[in-house]
S.K.: 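A single structure is presented below for examination.
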Amino acid sequence: MSALAAVRRAVREFLATLEPPPQVCVAVSGGADSLALAEAMAYVARHRKLRTRALIVDHGLQDGSAEVAARAAVAVKELGVDEAEILTVDVTGKGGPEAAARTARYRALREALPDGEGLVLLGHTLDDQAETVLLGLGRGSGPRSLAGMRPLDPPWGRPLLGVTREQTRGACAELGVEPWQDPHNADSRFTRVRLRAEVLPLLEDVLAGGVAAALARTAAQLRDDTEALDTVADRILTRAGGPEGLDVTVLETEPAALRRRVLRRWLLGSGVRELTDAHLRSVDALVARWRGQGGVWLPGNLEARRCRGRLSLSGPEPTTRGE
């Protein structure tokens, strides 16, 4: 199968899981991954009588970024996309420039959806998934991080997680399209760039190939396990929950992994943000290692306490939002 056919098939199979199909936009940078995705979306959409809309984010971080965005808009129109819109963003906020640009980009893409409905397709490939798993592994982020990116995580869709970066480049070559080469993708100041240029090639050499695909398979397996455990945790949360907090007697008989999942969902749903593993384990100690200790202070000036056999959360403005 040609590279172009592989990309088109991935998009077709992804859209087949969405019935009825929502309004779908494609995020385009001008690179090979997003151009191949945009063409495949336009190709499949014509057969399904759907319109395609490309969203091009201009971060303004590099000289000539406006020209790059304009060329990307022209390219996707020539590839069959019905409409192309350039979104200009202001990159500010916490973290380094990479994190701030990502935050600004995702915000702009989300806000570009009409009435907040529909999906934005992202050109993340199997190689991106492998890099995400390695980043999670190096940071000790646990199985939720090692599970990588989900194919469908509304409002985001990732049809190309089973397609390699080499295939998207091959698809562009078949189409006669010259993708834009982002200079940031060769800048070794960025951790992901070093993973791509140094770590993964070394692993491929030492382990005799197939590492990226193996990491992507591992992510898929962990994602299935994580979703199954989350389903069980939701059932336990329903049994333990109530207006006065969580019933400790329901939680203390559960395995630690499930118990902490329940606590995590309860805390996030109650308004705790930036929850760390240390926070979670401290709250878990109120159940598993109860010695009459005091409460646990959490981000947002919230406090988890155990009293009369129940865990409760108090603070300035606790909420009851879902996770």
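Residue numbers count from 1 along this sequence.
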S.K.: Is the CD atom of Glu252 crowded by more than 12 outside heavy atoms at less than 6.0 Å?
M.R.: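 Yes, because the 6.0 Å sphere around CD of Glu252 holds more than 12 heavy atoms from other groups.
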S.K.: Salt bridge check, Arg165 against Glu131: does any charged N sit closer than 4.0 Å to a carboxylate O?
M.R.: yes
S.K.: Let me confirm one number: the CG-OG distance from Leu55 to Ser29, rounded to the nearest 0.5 Å.
M.R.: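 One gets 12.5 Å once the value is rounded to the nearest 0.5 Å.
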S.K.: How many angstroms lie between CG in Leu119 and CG in Leu152, if you round to the nearest 0.5 Å?
M.R.: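 Atom-to-atom, Leu119:CG and Leu152:CG are 6.0 Å apart.
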S.K.: Show every ring pair (Phe, Tyr, Trp, His ring centres under 6.0 Å) that has at least one partner inside residues 29-82, sequence neighbours left out.
M.R.: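 Counting only pairs at least two positions apart or across chains, the ring pair (Phe, Tyr, Trp, His ring centres under 6.0 Å) contacts touching residues 29-82 are Tyr43-His47.
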S.K.: Kindly compute the distance separating CZ (Arg192) from OG1 (Thr132), expressed to the nearest 0.5 Å.
M.R.: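 Those atoms lie 4.0 Å apart.
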S.K.: Minimum heavy-atom separation for Ala69 and Asp58, please, with both atom names.
M.R.: CB-CB, 4.2 Å
S.K.: Tell me, with the steps shown, if Ile56 and Val68 meet side chain to side chain contact (heavy atoms under 4.5 Å, CB included).
M.R.: CA-CA 10 Å; Ile56 301 129; Val68 170; over 6 Å; no
S.K.: Supply the atom-to-atom distance Leu258 CG to Ile236 CD1, rounded to the nearest 0.5 angstrom.
M.R.: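 One gets 4.5 Å once the value is rounded to the nearest 0.5 Å.
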S.K.: More than 12 non-hydrogen atoms from neighbouring residues, nucleotides or ligands closer than 6.0 Å to CZ on Arg139, yes or no?
M.R.: no
S.K.: Any ring pair (Phe, Tyr, Trp, His ring centres under 6.0 Å) involving residues 107-135? Give me the pairs, sequence neighbours left out, ordered by first then second residue.
M.R.: none
S.K.: First locate atom CZ of Arg189, then atom OG1 of Thr191, and finally report the distance between them rounded to the nearest 0.5 Å.
M.R.: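 Rounded to the nearest 0.5 Å, the CZ-OG1 separation comes to 11.5 Å.
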S.K.: Can you confirm whether Glu244 is buried at CD, in the sense that more than 12 heavy atoms of other residues, nucleotides or ligands lie under 6.0 Å from that atom?
M.R.: no
S.K.: Given the rule in the side chain to side chain contact (heavy atoms under 4.5 Å, CB included) test, do Leu113 and Cys25 qualify, once you have shown the distances and angles that lead to the verdict?
M.R.: CA-CA 8 Å; Leu113 285 171; Cys25 301; 4.1 Å; yes
S.K.: For residues Arg273 and Leu268, report the shortest heavy-atom separation together with the two atoms involved.
M.R.: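 Closest heavy-atom pair between Arg273 and Leu268: NH1-O, 2.9 Å.
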S.K.: Checking Glu204 side chain against Val211 main chain: does a donor-acceptor pair fall under 3.5 Å?
M.R.: yes
S.K.: Please say yes or no: joined through hydrophobic side-chain contacts below 4.5 Å, possibly via intermediate residues, are Leu18 and Leu109 part of one cluster?
M.R.: no
S.K.: So do the side chains of Arg150 and Glu227 get within less than 4.5 Å of each other, counting heavy atoms only?
M.R.: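 The answer is yes, as the side chains (C-beta and beyond) meet within the 4.5 Å cut-off.
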S.K.: What I want to find out is whether Arg259 reaches Asp284 closely enough, with some N-O distance under 4.0 Å, to be called a salt bridge.
M.R.: yes
S.K.: In sequence, state the C-alpha distance, the side-chain angles, and the governing distance for Gln23 and Leu50, and then conclude on side chain to side chain contact (heavy atoms under 4.5 Å, CB included).
M.R.: CA-CA 8 Å; Gln23 175 164 325; Leu50 300 174; over 6 Å; no
S.K.: Rounded to the nearest 0.5 Å, what's the gap from CZ on Arg310 to CG on Asp247? Could you check?
M.R.: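 Going from CZ on Arg310 over to CG on Asp247, the span is 5.0 Å.
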S.K.: Check the hydrophobic clustering (I, L, V, M, F, W, Y; side-chain heavy atoms under 4.5 Å; chains of links allowed) and say if Met1 and Leu160 are grouped together.
M.R.: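 Looking at the clustering, Leu160 is in a separate group from Met1.
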S.K.: Check whether any side-chain heavy atom of Met149 lies under 4.5 Å from a side-chain heavy atom of Leu161, and answer yes or no.
M.R.: yes
S.K.: Taking Thr17 for the side chain and Phe14 for the main chain, is one N or O donor matched with an acceptor at less than 3.5 Å?
M.R.: yes
S.K.: Side-chain contact, heavy-atom cut-off 4.5 Å: Arg53 with Met41?
M.R.: no
S.K.: Got a sec, which residues hit ring-ring contact (aromatic ring centres under 6.0 Å, His included) with Trp156, two or more places apart in sequence or on another chain?
M.R.: Tyr106
S.K.: Please name the pair of heavy atoms, one in Pro143 and one in Thr226, separated by the smallest distance, quoted to 0.1 Å.
M.R.: O-OG1, 4.2 Å
S.K.: Would you name the heavy atoms of Gly118 and Pro155 that are closest together and state the gap between them?
M.R.: O-CB, 3.9 Å
S.K.: What's the shortest heavy-atom distance between Leu298 and Ala304, and which atoms?
M.R.: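 Looking at all heavy atoms of both residues, the shortest contact is CD1-CB, 4.1 Å.
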S.K.: Take Arg264 and Arg144, measure what side chain to side chain contact (heavy atoms under 4.5 Å, CB included) needs, and give me the verdict at the end.
M.R.: CA-CA 12 Å; Arg264 179 180 183 275; Arg144 196 174 298 276; 3.4 Å; yes
S.K.: Do Glu39 side-chain atoms and Val76 backbone N/O form a donor-acceptor pair below 3.5 Å?
M.R.: no
S.K.: Taking the side chain as every heavy atom from C-beta outward, state whether Val24 and Thr52 have any pair of such atoms under 4.5 Å apart.
M.R.: no
S.K.: How about Leu286 and Leu311: do any of their side-chain heavy atoms sit closer than 4.5 Å?
M.R.: yes
S.K.: Is any side-chain heavy atom of Leu251 closer than 4.5 Å to one of Leu246?
M.R.: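 Of all side-chain heavy-atom pairs linking Leu251 with Leu246, at least one is under 4.5 Å.
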S.K.: Does this structure show an ion pair linking Glu254 with Arg239, if we count only N-O contacts that are shorter than 4.0 Å?
M.R.: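 Looking at Glu254 and Arg239, the cut-off is met.
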S.K.: Can you pull out every ring pair (Phe, Tyr, Trp, His ring centres under 6.0 Å) where at least one residue sits in residues 187-209? Sequence neighbours excluded, please.
M.R.: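 Residue pairs with at least one partner in residues 187-209: His184-Phe190.
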S.K.: State, yes or no, whether a side-chain contact exists between Arg8 and Leu4 at a heavy-atom distance under 4.5 Å.
M.R.: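 Yes, at least one pair of side-chain atoms sits under 4.5 Å.
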S.K.: Do Asp128 and Thr125 have side-chain N/O donor and acceptor atoms under 3.5 Å apart?
M.R.: yes
S.K.: Under a 4.0 Å threshold between the charged nitrogen and the carboxylate oxygen, would Asp230 count as salt-bridged to Arg265?
M.R.: yes
S.K.: Is a side-chain N or O of Glu166 found less than 3.5 angstrom from the main chain of Thr164, in a donor-acceptor match?
M.R.: no
S.K.: Give a yes or no on this: more than 12 heavy atoms of other residues, nucleotides or ligands lie within 6.0 Å of atom CZ of Arg194.
M.R.: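 At most 12 heavy atoms, drawn from other residues, nucleotides or ligands, come within 6.0 Å of this atom.
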S.K.: Is Val120 reachable from Val57 through a run of I, L, V, M, F, W or Y residues, each pair having side-chain heavy atoms under 4.5 Å apart?
M.R.: yes
S.K.: Please determine whether residues Val74 and Val28 belong to a single hydrophobic cluster, defined as Ile, Leu, Val, Met, Phe, Trp and Tyr linked transitively by side-chain heavy-atom distances below 4.5 Å.
M.R.: no
S.K.: Quick one: closest heavy-atom pair of Asp90 and Ala104, and the distance?
M.R.: O-CB, 4.0 Å
S.K.: What pairs of residues pass the ring pair (Phe, Tyr, Trp, His ring centres under 6.0 Å) test when at least one of them lies in residues 257-303, not counting sequence neighbours?
M.R.: none
S.K.: Not counting sequence neighbours, which residues clear side chain to side chain contact (heavy atoms under 4.5 Å, CB included) with Ala32? List them please.
M.R.: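 Ala32 satisfies side chain to side chain contact (heavy atoms under 4.5 Å, CB included) with Thr168, Arg169, Cys172, Pro179 only.
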S.K.: Are Leu275 and Leu267 packed together at the side-chain level, in the sense that at least one heavy-atom pair is separated by less than 4.5 angstrom?
M.R.: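 Side-chain contact under 4.5 Å: yes.
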S.K.: Do Leu207 and Leu126 sit in the same hydrophobic cluster, where Ile, Leu, Val, Met, Phe, Trp and Tyr count as joined when their side-chain heavy atoms come under 4.5 Å apart?
M.R.: no
